[in-house]
Amino acid sequence: MPWISVKDALKAAPGTIVTIKGWVRTRRDSKADGGLSFLALHDGTCFDTIQIVAKGNLSNYASEVAKLTTHCAVEATGVIVQNPKGGNEISADASSGEVKVVGWVDNPDHYPIQPKPHSFEFLRELAHLRVRTNTFGAVARVRHTLSMAIHRFYDQRGFFYVHTPIITGSDCEGAGQMFKVSTLDFVNAPRLQNGEAVHAQGVKVSGAEVSSGKTPAPSTPRHLDTSSPDFSADFFGKQTHLTVSGQLNVETYACALSRVYTFGPTFRAENSNTSRHLAEFWMIEPEIAFANLQDDAKLAEDFIKFLIQTMLNERADDMKFFDERIEKGLLTRLKEVLDKPFRHLPYTDGIKILKDAIASGKAKFEYPIEWGKDLQSEHERYLTEQHFKQPVVLMNYPKQIKAFYMRENDPGTDGAPGATVAAMDVLVPQVGEIIGGSQREERLDKLDARIEEMGLPIKEYWWYRDLRRYGTVPHAGFGLGFERAMMFLTGMQNVRDVIPFPRAPKQCEF
RNA sequence: UCCCCGAUAGCUCAAUGGUAGAGCGAGCGGCUGUUAACCGCUAGGUUCUAGGUUCGAGUCCUAGUCGGGGAGCCA
């Protein structure tokens, strides 16, 4: 018999005999017709299960079929028939079919995934099993389709996919705490004393003992030796980290290939314990040459709308589930985002709106707001959810709250009382900031001034500065947090539930 | 990291400082082309950990661990 997916079986012509391989979600028994069991079977290929009607005349009916419990693995062969409700089901009886048990579930009374609602908190502790549930199956399929959509969007527009490195030798990416990457033995690491390399007794690094060493005084226990490790003896010969952003690297490719993007994992060692932060997450960062902030905002808007449209087209079954069970009104919210043009708003005007709202009593905020300060999430929510009721692209932020690489605007842009940079944040209802981007500073003198102003180690930026010395061009880009996009598209409330195996402070199981 | 809340059966939760319970799930039986099925019976517990108060602690106190919500940082 041909083995077909549940997805295909639900659309197959009645009368065909097929084999389905999957896992039991529920079993219900009936004494009708001399006994039969209804098995809801899923194989992950689509949201729905298909019902197997296992007849009592199957040779293993009493011994096996009637004992199946949730998530037993089976191979079922039978004929496709229409059930009274009009959908397809598979009738398996002794004449034309069988139900083979491939894998039993031990101790079904203790098997943690049951045919009943479970809290996400509980399922989070069972990341290896939770994908068998409706919700996490749907999340997994949406996540896949979203990844494909992202690549398709950029590919169709002539962008090249650039694999920026995951291990980085520059500690100047400037986006938060980094994870160290090292092959040094933490206990007996070679040390620097007074700036000179010393080595632990008997310890070799990369097969060669560190030369030119004094040993620490023998009376100093190793664990009390607080001198800094000698990273010249480390794997890369310098201190290295996991990347926090591919942006600086991808900029180099934009300045040769014109339109590029990177899509990969990024890492932040911040001690953030929230429903919106992960230590390991995925980020999409396009970069376009010969482009300004307006071009950047346009790309961001097209991008978000493309992703929504693709989900509605290609994952309709899963999206319907999210709309019904996870966030009521999700589809309406997404369609509204799709239909309206994004509202472009200078930061300076945004502050005015917020101040007016406070003055007129329309809004009350916990944190004070004034020009020059970054917006709190309550302020962002007010703008997108109360005032405009649509996505807002906030542009031209005060220079002092933004990164060194952002292009400085002409004085007086938007009537701002201070210096601004060509930065933009895309704020969406429910989620808040989903995209952060900017036009990059392409003028070497301005860039250097900024690096110095912020006290950054200018030597480290030698290759980044080279881009401004050799054929510099205006360019711009943004970053989209992949998991934030997942939350926006599914209505899932916790970022740990939209990635298969979440990594967060004190959490690295599986 | 800060503030608040929580941890009791496989799961979701009850239990005035005084005999640890229910619903769901599981097992057995009944009924039924069932589909959040229904009815009956049964089993299932080191009450997160370590201390302390008390004649007596799931309950009160201290510390810790883990989880949740909010904030900060940000994507």
Side-chain angles (χ1 to χ4, degrees), chain A residues 25-41 48-56 66-71 81-85 87 89 91 105-126 129 133-134 174-177 244-247 265-285 325 366-367 374-378 380 401-403 425-428 431-437 478-488 493-499 504-507 509:
Chain A
R25 193 158 266 157
T26 60
R27 191 197 87 233
R28 288 175 295 278
D29 302 325
S30 169
K31 284 291 187 299
D33 301 336
L36 53 111
S37 290
F38 302 99
L39 306 174
L41 222 66
D48 290 313
T49 54
I50 192 161
Q51 176 160 283
I52 310 294
V53 183
K55 296 291 172 58
K67 291 179 177 165
L68 288 169
T69 56
T70 300
H71 294 162
V81 296
Q82 281 218 324
N83 65 28
K85 289 191 171 172
E89 63 180 25
S91 177
V105 167
D106 293 340
N107 302 321
D109 57 328
H110 277 62
Y111 179 60
I113 312 287
Q114 299 160 358
K116 54 171 283 187
H118 288 293
S119 67
F120 291 152
E121 292 82 6
F122 170 66
L123 291 173
R124 219 167 281 152
E125 296 166 6
L126 301 167
L129 299 175
T133 65
N134 277 339
Q177 284 296 112
V244 295
S245 161
Q247 183 199 313
T266 48
F267 307 86
R268 306 276 165 92
E270 302 284 355
N271 190 9
S272 304
N273 294 286
T274 81
S275 56
R276 300 178 311 284
H277 292 85
L278 290 166
E280 176 182 297
F281 65 101
W282 289 64
M283 193 152 60
I284 302 102
E285 294 170 290
R325 295 294 179 87
E366 188 183 340
Y367 290 88
D374 214 350
L375 267 58
Q376 304 292 327
S377 38
E378 56 176 348
E380 299 178 349
I401 56 171
K402 288 293 180 182
D425 281 356
V426 179
L427 313 175
V428 295
V431 174
E433 181 186 335
I434 192 168
I435 279 180
F478 62 78
L480 170 74
F482 184 69
E483 284 74 21
R484 294 270 172 92
M486 282 292 296
M487 295 168 76
F488 170 71
Q493 292 290 301
N494 194 311
V495 72
R496 298 174 195 202
D497 296 332
V498 296
I499 189 167
K506 304 279 159 59
Q507 185 176 30
E509 195 63 56

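Because only heavy atoms are used, hydrogens play no part in the values below, and waters and symmetry mates are left out as well, while side chains stay in. Residue numbers start from 1 in every chain, and the chains themselves are labelled A, B, ... in the order their sequence lines are given, proteins ahead of strands.
Using C1' as the reference atom, B:U32 and B:A37 are 9 Å apart when rounded to the nearest Å. Atom name C1', nucleotides B:G17 and B:C73: the rounded distance is 44 Å, in whole Å. Comparing the P positions of B:G30 and B:G69 gives a spacing of 46 Å, expressed to the nearest Å. The same atom, P, is picked in B:A15 and in B:U59; the two are 14 Å apart, to the nearest Å. Of the C1' atoms belonging to B:C74 and B:G6, the separation is 27 Å, rounded to the nearest Å. The gap from the P atom of B:A26 to that of B:G21 amounts to 24 Å, rounded to the nearest Å. Spacing between B:U62 and B:G67 at atom P, rounded to whole Å, works out to 23 Å. Rounded to a whole angstrom, the distance from the P atom of B:C28 to that of B:U34 is 23 Å.
Within the nucleic acid shown, A:Thr266 has no heavy atom closer than 4.0 Å to any nucleic acid atom. Counting any heavy atom pair closer than 4.0 Å across all strands shown, A:Leu278 reaches a base atom. At the heavy-atom level, A:Thr69 lies under 4.0 Å from the strands shown only through sugar-phosphate atoms.
Closest approach of A:Trp282 to A:Glu483, counting heavy atoms only: N-OE1, 3.0 Å. Nearest heavy atom pair, residue A:Leu480 against residue A:Ala485, reads CD2-CB, 4.1 Å. Closest heavy-atom contact between A:Arg27 and A:Leu39: CG-CD2, 3.2 Å. Closest approach of A:Gly437 to A:Asp425, counting heavy atoms only: N-OD1, 4.4 Å.
A:Glu89 pairs by the salt bridge (Lys or Arg N to Asp or Glu O under 4.0 Å) definition with nothing, not counting sequence neighbours. The side chain to side chain donor-acceptor pair (under 3.5 Å) check on A:Thr133 picks up nothing, with sequence neighbours excluded.
For the pair A:Ser37 (side chain) and A:Asp29 (backbone), a donor-acceptor distance under 3.5 Å is absent. The closest donor-acceptor contact from the side chain of A:Glu285 to the backbone of A:Gly246 lies under 3.5 Å. Here the side chain of A:Glu270 pairs a donor or acceptor atom with the backbone of A:Gln177 at under 3.5 angstrom. For A:Ser272 (side chain) and A:Thr274 (main-chain N/O), no donor-acceptor pair under 3.5 Å exists by modelled atom type. A donor-acceptor contact shorter than 3.5 Å links the side chain of A:Glu378 to the backbone of A:Glu366.
Mapped onto RNA chain B by nearest heavy atom, A:Ala66 and A:Ala279 fall at different nucleotides, with A:Ala66 at the one closer to the 5' end.
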Between the protein and nucleotides 5-10 of chain B, which nitrogen or oxygen pairs are less than 3.5 angstrom apart?
residue : atom : partner  : partner atom : Å
B:G10   : OP1  : A:His110 : NE2          : 3.3
B:G10   : N2   : A:Gln114 : OE1          : 2.8
B:G10   : N3   : A:Gln114 : NE2          : 2.8

Protein-nucleotides 63-71 of chain B N/O pairs under 3.5 Å:
residue : atom : partner  : partner atom : Å
B:G68   : OP1  : A:Arg124 : NH1          : 2.3
B:A71   : O2'  : A:Tyr367 : OH           : 2.8
B:A71   : N6   : A:Asn273 : O            : 3.4

Set out, line by line, the N/O atom pairs under 3.5 Å between protein and nucleotides 31-33 of chain B.
residue : atom : partner : partner atom : Å
B:U32   : N3   : A:Asp29 : O            : 2.8
B:U32   : O4   : A:Asp29 : O            : 3.1
B:U32   : O4   : A:Ser30 : N            : 3.4
B:U32   : O4   : A:Lys31 : N            : 3.0
B:G33   : N1   : A:Glu89 : OE2          : 2.6
B:G33   : N2   : A:Gln51 : NE2          : 3.3
B:G33   : N2   : A:Glu89 : OE1          : 2.4
B:G33   : N2   : A:Glu89 : OE2          : 2.6

Checking A:Arg268 against A:His277 for the side-chain contact (heavy atoms from CB on, under 4.5 Å) test, could you report, in this order, the C-alpha distance in whole Å, the side-chain angles of both residues, the deciding distance, and whether it holds? CA-CA 9 Å; A:Arg268 306 276 165 92; A:His277 292 85; over 6 Å; no
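Checked options A:Asn134, A:Thr49, A:Thr70; the residue passing with A:Arg25 is A:Asn134 (criterion: side chain to side chain donor-acceptor pair (under 3.5 Å)).
As a whole-Å value, the separation of A:Glu380 CD from B:C74 C1' is 10 Å. One can place CG of A:Leu375 at 13 Å from P of B:C74, the figure rounded to the nearest angstrom. Protein atom NE2 of A:His71 is 12 Å distant from nucleotide atom P of B:A26, rounded to whole Å. Put simply, CZ on A:Arg25 is 16 Å from P on B:G25, counting in whole angstrom units.
Atom CD of A:Gln493 sits in a sparse spot, with 12 or fewer heavy atoms from other residues, nucleotides or ligands closer than 6.0 Å.
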Pairs counted as Watson-Crick or G-U wobble with both distances under 3.5 Å: what dot-bracket string results for RNA chain B, using | for bases tied to another strand? (((((((..((((....[..)))).(((((.......))))).....(((((..]....))))))))))))....
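Contact check, A:Arg268 against B:C74: no side-chain N or O comes under 4.0 Å of OP1 or OP2.
A distance of 14.5 Å separates NE2 in A:His118 from CZ in A:Arg124, rounded to the nearest 0.5 Å.
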